[in-house]
Chemist: 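For reference, the structure I am asking about is given below.
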Amino acid sequence: MGWEESRVRDNSDRKRFELDLGQKTAYVDYIINAKGVIYLTHTEVPSAWEGQGVASDMVHQVLQEVDRRGLRLVPLCPYVASYLRRHAEWKRLLAEGFNV
């Protein structure tokens with residue numbers, strides 16, 4: 001199975017969304033506060049998988065999950081912030097007072 005069929009899963013013990021790449025894992029670290037705000041702090045893709053659209057697909061899936069849960073978003077990770085600049089439809093998830 002290629003990564004394209006993989007779905008992001010929430011590893012709440014490690015506070016990150018993970019995408020299974022076979023023997024490797026890509027992930028987005030997060031912090032969720034009691035007010036329902038999720039801070040996406042870091043995106044990591046194994047070097048062998050860089051440049052293949054893994055990060056973009058993973059962040060898209062993470063944003064779908066953030067939306068599904070009704071959370072507000074603070075994109076502290078530079079990659080997530082740049083994704084939001086390229087895909088303005090997701091800016092609606094931004095927490096009050098935040099912009100990219």
Side-chain angles (χ1 to χ4, degrees):
M1 174 174 83
W3 68 267
E4 296 89 348
E5 292 83 30
S6 295
R7 302 301 308 157
V8 168
R9 70 179 175 277
D10 183 0
N11 183 339
S12 58
D13 290 340
R14 297 187 78 176
K15 294 186 176 25
R16 67 187 198 180
F17 292 101
E18 298 177 337
L19 185 68
D20 182 20
L21 300 172
Q23 296 183 14
K24 300 283 184 179
T25 302
Y27 60 88
V28 177
D29 289 325
Y30 67 80
I31 300 165
I32 300 177
N33 72 16
K35 295 181 180 180
V37 176
I38 186 167
Y39 298 81
L40 299 181
T41 61
H42 179 71
T43 300
E44 186 74 32
V45 174
S47 59
W49 293 90
E50 290 178 354
Q52 299 180 44
V54 173
S56 180
D57 183 60
M58 180 173 56
V59 168
H60 178 83
Q61 290 185 52
V62 168
L63 295 176
Q64 287 177 320
E65 183 63 15
V66 167
D67 190 28
R68 188 188 70 74
R69 294 184 189 184
L71 300 170
R72 304 312 298 166
L73 172 66
V74 176
L76 298 180
C77 169
Y79 184 84
V80 174
S82 71
Y83 184 93
L84 289 170
R85 284 191 291 276
R86 292 189 316 270
H87 302 276
E89 67 274 16
W90 291 107
K91 289 183 180 182
R92 63 186 167 75
L93 299 178
L94 289 170
E96 187 175 337
F98 286 89
N99 200 353
V100 291

Chemist: Check whether any side-chain heavy atom of D29 lies under 4.5 Å from a side-chain heavy atom of C77, and answer yes or no.
Modeler: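 Not in contact.
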Chemist: In sequence, state the C-alpha distance, the side-chain angles, and the governing distance for V37 and I32, and then conclude on side-chain contact (heavy atoms from CB on, under 4.5 Å).
Modeler: CA-CA 6 Å; V37 176; I32 300 177; over 6 Å; no
Chemist: Please indicate whether K24 has more than 12 foreign heavy atoms, meaning atoms of other residues, nucleotides or ligands, lying under 6.0 Å from its NZ.
Modeler: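 Incorrect, the count does not exceed 12.
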Chemist: Between the side chain of Y79 and the main-chain N/O of V59, is any donor-acceptor distance below 3.5 Å?
Modeler: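 Answer holds: no.
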Chemist: When L84 is tested against each of L40, L63, N99, L93 for side chain to side chain contact (heavy atoms under 4.5 Å, CB included), which residue passes?
Modeler: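 It is L63, the one option of L40, L63, N99, L93 that forms the side chain to side chain contact (heavy atoms under 4.5 Å, CB included) with L84.
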Chemist: Checking side chain to side chain contact (heavy atoms under 4.5 Å, CB included) against Y39, which of V74, L73, V80 comes through?
Modeler: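 Looking at V74, L73, V80, the match for Y39 under the side chain to side chain contact (heavy atoms under 4.5 Å, CB included) is V74.
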Chemist: Using side-chain heavy atoms (C-beta onward) and a distance below 4.5 Å, is Q61 in contact with R7?
Modeler: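 When only atoms from C-beta onward are counted, R7 and Q61 do touch, with a gap below 4.5 Å.
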Chemist: Supply the atom-to-atom distance T25 OG1 to W49 CH2, rounded to the nearest 0.5 angstrom.
Modeler: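 Reported to 0.5 Å precision, the distance equals 10.5 Å.
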Chemist: Just verifying a value: how many Å separate L21 CG and Q52 CD, rounded to the nearest 0.5 Å?
Modeler: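 Between atom CG of L21 and atom CD of Q52 there are 9.0 Å.
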Chemist: Can you name the nearest heavy-atom pair linking Y30 to S12, along with the distance?
Modeler: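 It is OH-CA, 3.5 Å.
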Chemist: Do the numbers put R69 on top of the ring of F17, so that NZ or CZ is under 6.0 Å from the six-membered ring centre and no more than 45° off the axis?
Modeler: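 No, cation not above the ring by the 6.0 Å, 45° rule.
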Chemist: Check whether more than 12 heavy atoms from other residues, nucleotides or ligands sit under 6.0 Å from atom CD of E89, and answer yes or no.
Modeler: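 Check passes, neighbour count above 12.
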Chemist: Using side chain to side chain donor-acceptor pair (under 3.5 Å), reason through H42 and Y27 one step at a time and then give a plain yes or no.
Modeler: CA-CA 8 Å; H42 179 71; Y27 60 88; 4.5 Å; no
Chemist: Please step through side-chain contact (heavy atoms from CB on, under 4.5 Å) for the pair V28 and T41, ending with a clear verdict.
Modeler: CA-CA 7 Å; V28 177; T41 61; over 6 Å; no
Chemist: Could you check whether D67 pairs with R92 (Lys NZ or Arg NE/NH1/NH2 to Asp/Glu carboxylate O, under 4.0 Å)?
Modeler: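 The answer is yes: the pair qualifies as a salt bridge.
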Chemist: Please find the pair of heavy atoms, one from M58 and one from V45, that lie closest to each other, and give the distance.
Modeler: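 Smallest heavy-atom distance, with atoms named: CE-CG2, 4.2 Å.
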Chemist: Do V62 and L94 share a hydrophobic cluster (ILVMFWY, side-chain heavy atoms under 4.5 Å, transitive)?
Modeler: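 Looking at the clustering, L94 is in the same group as V62.
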Chemist: Atom CZ of R86 and atom OG of S56: how far apart are they, to the nearest 0.5 Å?
Modeler: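 The CZ atom of R86 sits 6.0 Å away from the OG atom of S56.
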Chemist: So do the side chains of D20 and R9 get within less than 4.5 Å of each other, counting heavy atoms only?
Modeler: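 A side-chain contact under 4.5 Å exists here.
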Chemist: Measuring from atom NE2 of H60 to atom CH2 of W90, what distance do you get when rounded to the nearest 0.5 angstrom?
Modeler: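 H60 atom NE2 to W90 atom CH2 measures 5.5 Å (nearest 0.5 Å).
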Chemist: Short question: side chain of E18, backbone of R14 - any donor-acceptor pair under 3.5 Å?
Modeler: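 Not a single qualifying donor-acceptor pair exists.
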